[in-house]
Structure formats: structure tokens, C-alpha cells
Novice: 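Sharing a structure, written as C-alpha cells. Questions coming.
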Amino acid sequence: MQQRESGGKYRMTSFKEQAIELVAAGLDRLDPGIRADNGIDVAQMIEVPPSGELGDYAFPCFALARILRRSPVEIAQQLAEVVEKPPWLAKVEAVSGYVNLTLDRGQLADAVLRAAIEEGRSFGSAPDRGKTVVIDYSSPNIAKPFTLGHIRSTVIGESLARIFEHRGYKVVRVNHLGDWGTQFGRLIVAYKRWGDEERLAEGAIKELFRLYVRFHEEAEKDPSLEDEGRAWFLRLEQGDREATELWRRFRALSLEEFESMYQRLGIRFDDYTGESGYNDVLEQTVQALEDKGLLTESDGALVVELGDDMPPCIIRKRDGATLYATRDIAAAIRRYEKTRFDWMFYVVDSRQSLHFQQVFAVLKKLGMEWADGMEHIAFGTLIFGEEIMSTRKGNVIFLEDVLNEAVERVRQIIEERNPTLTDKEQVAEMVGVGAVVFNDLAHNRIKDVVFEWDRLLNFDGDTGPYVQYTHARACSVLSKGREQGELPLESGFAAYEWEDQEIDLIRLLGRFGDVVETAKEAREPSTVARYVLDLAQKFNAFYHSNRILGNERAPLRLAIARAVKEVLAAGLYLLNVQAPEKM
RNA sequence: GGCCCCGUAGCUCAGUGGAUAGAGCAGCGGUUUCCUAAACCGCGUGCCGGAGGUUCGAUUCCUCUCGGGGCCA
């Protein structure tokens, strides 16, 4: 992550820091010792006023009222008088109990526009913090389709990865493939009975999924198939050559298809070690728990008691099989040994919440202090019609079909509205896929999502295409300006008088870094999605009421358009949505 | 039964311990000789589920309660 050379003066954060210092100094002048005596932290109290007219920063005086036994309004007035006003501040004024600070417009414009234009995608980024975060996301099951159900984890996880990178973290992307379990015994049975090599070559996952569904249908009529499946899984666990070869083949074929989906979505994982990758450490994990005296027996199973708050965590079932939890515990330990992570996130459906609490609690009992850095990043369930989608019943929607449908719809819209567009195919792909991805990131992750074609394929209003359109529009104005010999101003922004609407946009641009930081702290990509929608809306309104080209303010307004374009692109990047230059 | 999450406009949802609670969709009306109309503008009195409590101030925090969903047994 690069850091600008130009010093603190041109960074938004430094305005804020300096504002905090000024207010703190003012408070000391008003009443020396008041801060120390009452633990007043100006940095924590300072806020952003609801509208730009009120200023850029606000310090509320209500908490001081009781200490000083005077009204907030009075305190604000006195404080405003003693706060020093350097040239970069236009105003320091008391308004209904707040001390509001307004930046000099030229200074603000200079800081924001220069940084946005020069830094582009890394605008608002933080320097390297020397911390590592492991993010475990997507994690589909081998031999099963990549459905719409997988999109949430995939898209939220990738966006969080980008947000953390932007804020100066090293990110390790882990795909914990579901590549082990009794279902592979069943799959081998089904393959040996009904497998079709030709179909497998055409589309491995579609064929494997067909076998999976067929197995469950047939097993209803003939329960002995289940026994056969168990027997094959046992052979697999014991390293039987035929079983292992088949399993390897299914895994490789599935992974190949997943990879092409990830490529389409622009995602690359650092690590594909799935559940099978921890087979060799399960025993020692159980042993470690035993050595610590954490295991107790319950109905023939081995469990770790976790107190009254939680049910016990089952480590090994009566029949000797280890569980999901054991595997996650083993995986966490190995990942820590490999990466020494500061945080590890599991981007998984909220229904798994208890499972993760138990895993974290067991690790803590094992003495792993680093388990404090583990978090379950829970998200709501995808609901299709009346019911939750079930793979077993086969009522699934393939993500590929959804993406194709969206792209097709975009293609039609292009034909209607912009038939002369070049690169129609690429644009349709960017916008169609972008619409689906953005749609998933636009709401708080914890909310359940109801799948509706109409909503997904409506590209008006708060959607990805709306933001992309705005980006393309900004690009278009810039290129038209270039044709007409009008270029954006590159520096010296401080020397101009900026109009209200212009400065409002600039102020909003300047908040980008803080927005990403907030998104990072809350592990909430929707914060960035909301911001980008807001910025697009404000720019569109500006565009309609102000002429950019062909007037004396063109260089200034082109600079704003340029900055808007850069920040929209930066925001879309964090959401893993492409930013087309034309559409 | 225990635990977790959600409850804001007709629908889908933002929002924050503070300055008038906001968007999108749907609906109605308007804007293009001019930079992309996938756009913009106008039309919104919502017991912020209910009741207590903490606070100078609660839609936001706490307790209880009702409704919806989930997990565990």
C-alpha cells in the first residue's frame, strides 16, 4: 500500500486530526485541566454535522454542561471564541450547543481533488499496518453445483478482503472446500452404477450432481445403497486405491469448474486446502484435547464441556467419526502456525453461529490466546420463494444461470438504448455480473435475502448498474472534454472560489477513506455500497443542474468529474464490481 | 425449554446516544434543439413493534414483553 509523499497537509485525516487538536487546545484555554480531570477525549467526541452548511466537523458541548454547570449553548459560544482559527479554516462557530468547524473551501478542494486524481484506486487507503487477516469464504462442496446460495459468502468475503487490503492489512484468502465426508462414498456408488463418461466430460458438476440426486431417489427405494455408500467411504478413509483415485478425480474436475466461476467473478484464492487437508492432524487434535483434560464422555461420545452458556462441543461421535468442529479446530491451529494471523474471519451463514462459538471456546480452553482474533462473519439466509433452497431436493438455482440471465437482460437493454456501443459483449458481462454482485452487497449482511428475478433484473434505482452508469457518464464527459480541448485542472485548486454544489460533492469525496474504515470496522461491505450510491446520486444531480463543458468553470468541474470517476471506480473495486467506461 | 438474529413509510431497506428520521421500488405528474433519459425534478404527518429504565438527550444502550426467523436439545 503506497503512502503519499506530500505530507499530512493534503490528507483528509490530517484536517480532522488538526481540528481535534484545535478544539482540545481551546478547551484547555477555557478551563485548564478539564480534559484530564474528566477524561474528555475530543477525538472520540468529534462528529460530522448532518449537512455541509453546518460545517465539516462538529464538537458537541452537552457532556460538558454538567461538568461546568452551564448550558451547552453558552459553553459552545465561549469555546468557539477561544478556538484558534488558522487559515485553512473558514469558520469556527457555535450553533445550538455545538462548535462547528468549516474548512476553507479552497483548501478542502485542493486536498481532496489532488489526492483523488493522483491516487485513483488507492485514494483513502491506509498505510501498511503489518497485520494479517485470514478470510475463510465461499467454500463450496465438491461435486455439487455452485448455486446462488454460495454467492453470499463468496461476494461478502471477497469484498471484505479488498476492504482490509485497502486499509493496510495483509489478507490471506482461504477456500475451505467441502471435499470430505460420507457423501463421497455415495457418489462413488452412484458413479459406478449410473455414471456416464461422456456427460462427465461435458460438464463434470452437472453430471456429478445428477448422480447425487439419483442416488437419493434410488436409496429411498433400496436402503441397502446407503450401506454400500458407507462402505465405500470407509475404503476412502483407509486409503483404498480405487476409492482415492475416484475421489481425486471428482475433486479436480469440480475445482476446475469452480475456478472458472471465480475467474468470472474476478476472485483468486491463496489456499484451497479443504476439509480433507486436515485428515492427518485430527488425531493429534483429539490427543491435545485429551492431554489438557478437556474431554469428557457423554453417551459414548467425546465432548468438551463449555459451561452453562453453551451446549458441549462434540469432538468424536460414538462410532469414532470425528466431526465438523474437530476439523475446524485442527484447521485453525494449522492456519495459525502457517500465517500467525491477527484475525481470522469465517464468512458463513448465520445459522452456523453456535458452531463457531463452540470452536472458538474450545480453542481458548486449549490455551490458544490468538483465538480472540477469530470471528464468525455471519450473514442472512438466501430464501427462494417460500422455502430455503435445498441441494438434496435438487431445487437449486445455479449461479451460472443467474449470471447468464442478468447478462442477457443487459444485452437487451443495450440494444434498446445504446445500439451503437462498441464492445457490447464485454460491457454486458461487466454490468450483468456487477448487478448480481452489487445486489448482494447493498444490504446489511445479517439480513435474510429473498430471491426474486424481478428485483435482481431491475437496473433502476439503488443498483450496481446505476453506479456503473454514473461512472461511464463521468468518463464520457471527460473524453468529450478532451476532444474539445478542455482538460481538467490538475493542481492549484485552492486558488478558486468553489460553488455550493461543487463543494458538497468534494466534501463527500473526501469522506471516502473514513467510509472504508467504518466498513472495515463493522466488517460490512454494504457501507461502501451505500456510499457509492450516494456519491453517484449526488453527481447525477449535479450533472443535471450544472453544465460541465463549454463554460469558464469547465476545468474545475472536469476535475470534479475526474475525481468522482476515480472514487466510484475505487469503491466499485472494493465491492468487486467492474467499472465500465462506456455503457 | 435454553441461546442467537430481526422488527423503521404500501413493499425492499438505510440510519445515528444528539441539531428537521432518510433512500430505492411501486404510483401520479414533469424534464431531452445542449456533456449518456440505465438519468434528473416534484408529490411522504411514519405509535422508528409495545412497556418500563439509564441519560441533559434514546429510534439508537439496558430489562421485560409481543411478533417473525434460526440454532441447540
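If you're wondering where the values come from, they're calculated on a predicted model, not measured in any experiment. Values reported hereafter were calculated over all heavy atoms of this structure, with side chains retained and with hydrogens, waters and symmetry mates removed. We name chains A, B, ... by the order of the sequence lines, and we start the count at 1 in each one.
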Novice: Sort and list the pairs that fulfil salt bridge (charged side-chain N to carboxylate O under 4.0 Å, His left out) and have at least one residue in residues 569-582 of chain A, not counting sequence neighbours.
Specialist: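 For residues 569-582 of chain A, and leaving out neighbouring residues, there are no salt bridge (charged side-chain N to carboxylate O under 4.0 Å, His left out) pairs at all.
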Novice: Quantified in whole Å, what is the C1' atom distance between nucleotide B:A51 and nucleotide B:A73?
Specialist: 32 Å
Novice: Between A:Asp136 and A:Ser139, do the side chains contain an N or O donor and an N or O acceptor separated by less than 3.5 Å?
Specialist: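 Their side chains do contain a donor-acceptor pair, which is all the 3.5 Å distance test asks for.
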Novice: Counting side-chain heavy atoms from C-beta on, which of B:C13, B:U36, B:A38 comes nearest to A:Lys480?
Specialist: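 Side chain of A:Lys480 sits closest to B:U36.
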Novice: Consider the side chain of A:Pro49, meaning its heavy atoms from C-beta on, and name the nucleotide among B:C35, B:C56, B:A19 that approaches it most closely.
Specialist: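 Of B:C35, B:C56, B:A19, B:A19 is nearest to the side chain of A:Pro49.
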Novice: A:Leu68 has an atom CG; how far is it from atom P of B:C56, in whole Å?
Specialist: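 The answer, rounded to whole Å, is 15 Å.
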Novice: Taking the cut-offs as 6.0 angstrom to the six-membered ring centre and 45 degrees off its axis, would you call A:Arg473 and A:Tyr543 a cation-pi pair?
Specialist: yes
Novice: Which nucleotide sits closest to the side chain of A:Asn100: B:A19, B:A39, B:A14?
Specialist: B:A19
Novice: Of the options B:C34, B:A39, B:C72, whose atoms approach the side-chain atoms of A:Asp460 most closely?
Specialist: B:A39
Novice: Reckon A:Asp349 touches a base, only the sugar-phosphate, or nothing at all at heavy-atom distances under 4.0 Å?
Specialist: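 No contact.
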Novice: Closer than 4.0 Å, any side-chain N/O of A:Arg473 to the OP1 or OP2 of B:A37?
Specialist: yes
Novice: Atom NE2 of A:His355 to atom C1' of B:C4: distance rounded to whole Å?
Specialist: 16 Å
Novice: Counting just side-chain N and O atoms, does A:Arg351 come under 4.0 Å of either OP1 or OP2 of B:G70?
Specialist: no
Novice: Can you tell me the distance, in whole Å, between the CD atom of A:Gln537 and the P atom of B:C40?
Specialist: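 A:Gln537 atom CD is separated from B:C40 atom P by 6 Å.
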Novice: Between B:A19, B:C41, B:C13, which nucleotide has the shortest distance from any of its atoms to the side chain of A:Ala541?
Specialist: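 Of B:A19, B:C41, B:C13, B:C41 is nearest to the side chain of A:Ala541.
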Novice: Relative to the 5' end of RNA chain B, which residue comes earlier, A:Val431 or A:Pro60, by the nucleotide with the nearest heavy atom?
Specialist: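 Its nearest nucleotide lies further toward 5', so the answer is A:Pro60.
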Novice: Could you check how far CG of A:Asp534 sits from C1' of B:A14, rounded to whole Å?
Specialist: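 Spelled out: CG on A:Asp534 to C1' on B:A14 is 11 Å.
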Novice: Once pairs are restricted to Watson-Crick or G-U wobble with both distances under 3.5 Å, how does RNA chain B read as a dot-bracket string, [ ] for crossings and | for other-strand pairs?
Specialist: (((((((..((((....[...)))).(((((.......))))).....(((((..]....)))))))))))).
Novice: Taking the six-membered ring of A:Tyr573 (Phe, Tyr or Trp), confirm whether the NZ or CZ of A:Arg162 is under 6.0 Å from its centre and within 45° of its axis.
Specialist: yes
Novice: Which label fits A:Phe356 and A:Phe360: parallel for a plane angle under 30°, tilted from 30 to 60°, or perpendicular past 60°?
Specialist: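 Because their plane-to-plane angle lies in the 30° to 60° range, the rings of A:Phe356 and A:Phe360 count as tilted.
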Novice: Separation of A:Trp453 atom CH2 from B:C25 atom C1', in whole Å?
Specialist: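 In whole Å, B:C25 C1' lies 19 Å from A:Trp453 CH2.
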Novice: How far does the C1' atom of B:U59 sit from the matching atom of B:G49, given to the nearest Å?
Specialist: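 Looking at atom C1' only, B:U59 and B:G49 are 12 Å apart.
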Novice: Can you tell me how far C1' in B:A9 sits from the matching atom in B:C43, rounded to whole Å?
Specialist: 14 Å
Novice: Are A:Asp56 and A:Thr102 close enough that a side-chain donor and a side-chain acceptor fall under 3.5 Å?
Specialist: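 There is no such pair (donor and acceptor under 3.5 Å, judged by atom type) between the side chains of A:Asp56 and A:Thr102.
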Novice: Under 4.0 Å, heavy atoms only, any strand: does A:Glu53 hit a base, just the sugar-phosphate, or nothing?
Specialist: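 Nothing, no nucleic acid heavy atom in range.
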Novice: Can you identify which nucleotide, out of B:C35, B:A19, B:A38, has its nearest atom closest to the A:Leu549 side chain?
Specialist: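 The listed nucleotide nearest to A:Leu549's side chain is B:C35.
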Novice: I need the NZ-P distance between A:Lys582 and B:U36, as an integer number of Å.
Specialist: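 Taking atom P of B:U36 as the reference, NZ of A:Lys582 is at 11 Å.
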Novice: Can you tell me the distance, in whole Å, between the CZ atom of A:Arg530 and the P atom of B:A14?
Specialist: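 About 6 Å, once rounded to whole Å.
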Novice: If you check every side-chain atom of A:Tyr469, which of B:U36, B:A19, B:G70 has the closest atom?
Specialist: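 When the side chain of A:Tyr469 is considered, B:U36 is the closest of B:U36, B:A19, B:G70.
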Novice: Would you tell me whether A:Asn540 and A:Tyr466 have side-chain atoms, one donor and one acceptor, within less than 3.5 Å of each other?
Specialist: yes
Novice: Using distance alone, with no hydrogens and no angle criterion, decide if A:Asn576 and A:Ser159 have a side-chain donor and acceptor under 3.5 Å apart.
Specialist: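 Checked: A:Asn576/A:Ser159 side chains show no N/O donor-acceptor pair below 3.5 Å.
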Novice: Got a donor-acceptor contact below 3.5 angstrom from the A:His376 side chain to the A:Val348 backbone?
Specialist: yes
Novice: Using atom names, set out every protein N or O paired with an N or O of nucleotides 9-12 of chain B below 3.5 Å, distance rounded to 0.1 Å.
Specialist:
from, atom 1, to, atom 2, distance (Å)
B:U12, O4', A:Arg455, NH1, 3.3

Novice: If we take the C1' atom in both B:C40 and B:G24, what is their distance in whole Å?
Specialist: 15 Å
Novice: Determine the interatomic distance between C1' on B:C4 and the same-named atom on B:G27; round to the nearest Å.
Specialist: 39 Å
Novice: Which of these nucleotides, B:C6, B:C4, B:C72, is closest to any side-chain atom of A:Lys447?
Specialist: B:C6
Novice: Toward the 5' end of RNA chain B, which comes first, A:Ser51 or A:Phe542, by nearest nucleotide?
Specialist: A:Ser51
Novice: In whole angstrom, give me the gap between the C1' atoms of B:C64 and B:A21.
Specialist: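 Result for the C1' pair: 26 Å, nearest Å.
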Novice: Check whether the aromatic ring of A:Tyr98 stacks on the base of B:A19, taking stacking as ring centres less than 5.5 Å apart and planes within 30° of each other.
Specialist: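 Yes, A:Tyr98 stacks on the base of B:A19.
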Novice: For residues A:Tyr137 and A:Phe345, establish whether the separation of their ring centroids is below 6.0 Å.
Specialist: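 No, they do not, as the ring centres are separated by 6.0 Å or more.
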Novice: So what does A:Leu354 touch, heavy atoms closer than 4.0 Å: a base, only the sugar-phosphate, or nothing?
Specialist: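 The residue A:Leu354 makes sugar-phosphate contact but no base contact.
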Novice: Has the side chain of A:Asp448 got a donor or acceptor atom that lies under 3.5 Å from a matching backbone atom of A:Thr381?
Specialist: yes
Novice: Measuring from the side chain of A:Val95 (C-beta onward, heavy atoms only), which nucleotide among B:G70, B:A19, B:G7 has the closest atom?
Specialist: B:A19
Novice: Checking all strands, does A:Leu533 fall into the base, sugar-phosphate, or nothing category for heavy-atom contacts under 4.0 angstrom?
Specialist: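 Touches nothing.
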Novice: Using the P atom on both, measure B:A37 against B:G70 and round to a whole Å.
Specialist: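 It comes out at 46 Å once rounded to the nearest Å.
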Novice: Categorize A:Ala58 for me: base, sugar-phosphate, or nothing, with a 4.0 angstrom heavy-atom threshold over every strand shown.
Specialist: base
Novice: Mind checking the C1' distance from B:C6 to B:C48? Whole angstroms is fine.
Specialist: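 Rounded to whole Å, the distance is 14 Å.
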Novice: Between A:Ser476 and B:U36, does any side-chain N or O lie under 4.0 Å from OP1 or OP2?
Specialist: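 Yes, such a contact exists.
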Novice: Base, sugar-phosphate, or nothing: which does A:Met310 touch, judged by heavy atoms less than 4.0 Å apart?
Specialist: nothing
Novice: What nucleotide among B:C41, B:G15, B:U36 has an atom nearest to a side-chain atom of A:Tyr543?
Specialist: B:U36
Novice: Considering just the side-chain nitrogens and oxygens of A:Asn444, establish if one lies under 4.0 Å of OP1 or OP2 belonging to B:G15.
Specialist: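 Yes, A:Asn444 has a side-chain N/O under 4.0 Å of OP1/OP2 on B:G15.
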Novice: Pick base, sugar-phosphate or nothing for A:Arg547, based on heavy-atom distances below 4.0 Å to the nucleic acid.
Specialist: base
Novice: Tell me whether the rings of A:Tyr98 and A:Phe62 are parallel (<30°), tilted (30 to 60°) or perpendicular (>60°).
Specialist: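 Geometry flag for A:Phe62 against A:Tyr98: perpendicular rings.
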Novice: A:Leu457 has an atom CG; how far is it from atom C1' of B:G24, in whole Å?
Specialist: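 Distance, rounded to whole Å: 17 Å.
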Novice: Do the rings of A:His166 and A:Phe512 sit parallel, tilted or perpendicular, given the 30° and 60° boundaries?
Specialist: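 Perpendicular, since the angle between the ring planes exceeds 60°.
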